[in-house]
Amino acid sequence: MYAVNDAEDSDSLFDEPQIAMRTAPPIPGLFVPPIRLPLELANDIVQQCMNLYFDGRDVNQIMLFGRTASEHSQNMGSGLPTFLITLLHWLAEMLCDHLPEKVHEMLFPPKDAPQRARQAILNLYHPGEGISPHVDLLRRFDDGIIGCQEELFGEAGPLDRNHWDLYLEERSVLVLSEDARYDWTHGIEGKQKDFVSGGIDGQGEPDWIDRGTRLSITFRWLLPGADIVGGPDP
């Protein structure tokens, strides 16, 4: 993954392989907590997504919508499949100690909060595929985005203060809020492998890591009225 803020001369950024960092860059509102989805949960999610949406179909993206109640309550809401609601419950519990209180409450409102419309978008990436730098639609999606990565992907390394490249390990979790959500683009360069800093702490010798097929799941709140279909795209 890479993030860009007013980067210039982008054609020159990838002339030489850059080293992908393993820790979150200093972007306000970006959180990459040191937690991983349990292997059994991640495998179940991948199997369900492949069986329900991808196997035997020429698609690489699925959008799902639900009007869910708070993940802190026993109400599972409606619209989203049960395995994604289960994932939200797990995220609400595990992220509690790794996010500022206001960010956690934005992502997982208390029981007495009004119901809201939430989108879950599933993206399937094969080696060599990526997504152009972008900011999620400002008039459709609210602050607070959660991304879960079920396989490996990465990008190059820090180029300057306006461009950062981050390697996310499989089963990792990413949160975008505030500046990271609104002022920085994010994307994935299409390539077959990534040059990644070595060691758990990123202090070892860098090495090339081949990409595998990756499934990502992104949860986003819809702004009021954005769940109404049939009108122009805001």
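A quick note: this is a predicted structure, and the numbers were derived from the prediction, not measured. Quick note: numbers below take in every heavy atom, side chains included, and nothing from hydrogens, waters or symmetry partners.
Here the CD1 atom belonging to Ile121 is positioned 11.5 Å from the CD1 atom belonging to Ile217, to the nearest 0.5 angstrom. In this structure, NE2 on His186 lies 8.0 Å from CG on Leu174, to the nearest 0.5 angstrom. The structure places CD of Glu205 at 11.0 Å from OG of Ser197, a figure rounded to the nearest 0.5 Å. Once rounded to the nearest 0.5 Å, the distance linking CG of Leu166 with CD1 of Ile27 reads 8.5 Å. Of the inter-residue distances, the one linking Asn123 atom CG with Ser216 atom OG reads 4.5 Å to the nearest 0.5 angstrom. Within the model, atoms CG of Leu91 and SG of Cys148 stand 4.5 Å from one another, a figure rounded to the nearest 0.5 Å.
A salt bridge links Glu178 to Lys102: one of the charged nitrogens lies within less than 4.0 Å of a carboxylate oxygen. Under a 4.0 Å N-O distance rule, the pair Arg220/Asp136 qualifies as a salt bridge. A salt bridge links Glu169 with Arg22: the closest approach of a Lys/Arg side-chain nitrogen to an acidic carboxylate oxygen falls below 4.0 angstrom.
Gln119 is listed as a side-chain neighbour of Met63, based on a closest heavy-atom distance under 4.5 Å. Between Leu222 and Asp142, the closest side-chain pair of non-hydrogen atoms is not below 4.5 Å.
The closest donor-acceptor contact from the side chain of Tyr182 to the backbone of Asp143 lies under 3.5 Å.
The same ILVMFWY cluster, assembled from side-chain heavy atoms under 4.5 Å apart, contains both Phe83 and Phe219. Linking ILVMFWY side-chain heavy atoms closer than 4.5 Å, directly or via other members, places Met50 and Leu52 in a single hydrophobic cluster. By the criterion of side-chain heavy atoms lying less than 4.5 angstrom apart, applied directly or through intervening Ile, Leu, Val, Met, Phe, Trp or Tyr residues, Leu39 is not grouped with Ile45; the two fall into different hydrophobic clusters. Hydrophobic clustering of Ile, Leu, Val, Met, Phe, Trp and Tyr side chains at less than 4.5 Å, counting indirect connections, keeps Trp221 apart from Leu138.
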Margin query: For Val32 and Leu168: C-alpha separation, side-chain torsions, deciding distance, then whether side chain to side chain contact (heavy atoms under 4.5 Å, CB included) applies.
Written below: CA-CA 9 Å; Val32 186; Leu168 295 177; 3.8 Å; yes
Check: Run the side chain to side chain contact (heavy atoms under 4.5 Å, CB included) check on Leu107 and Val175 step by step: do they pass?
Finding: CA-CA 9 Å; Leu107 299 173; Val175 173; 3.9 Å; yes
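When each of Ile62, Val46, Thr213 is tested with Phe54 by the rule side-chain contact (heavy atoms from CB on, under 4.5 Å), just one qualifies, namely Ile62.
Heavy atoms only, all atoms of each residue included: Arg181 and Ile145 are closest at CG-CD1, 3.8 Å.
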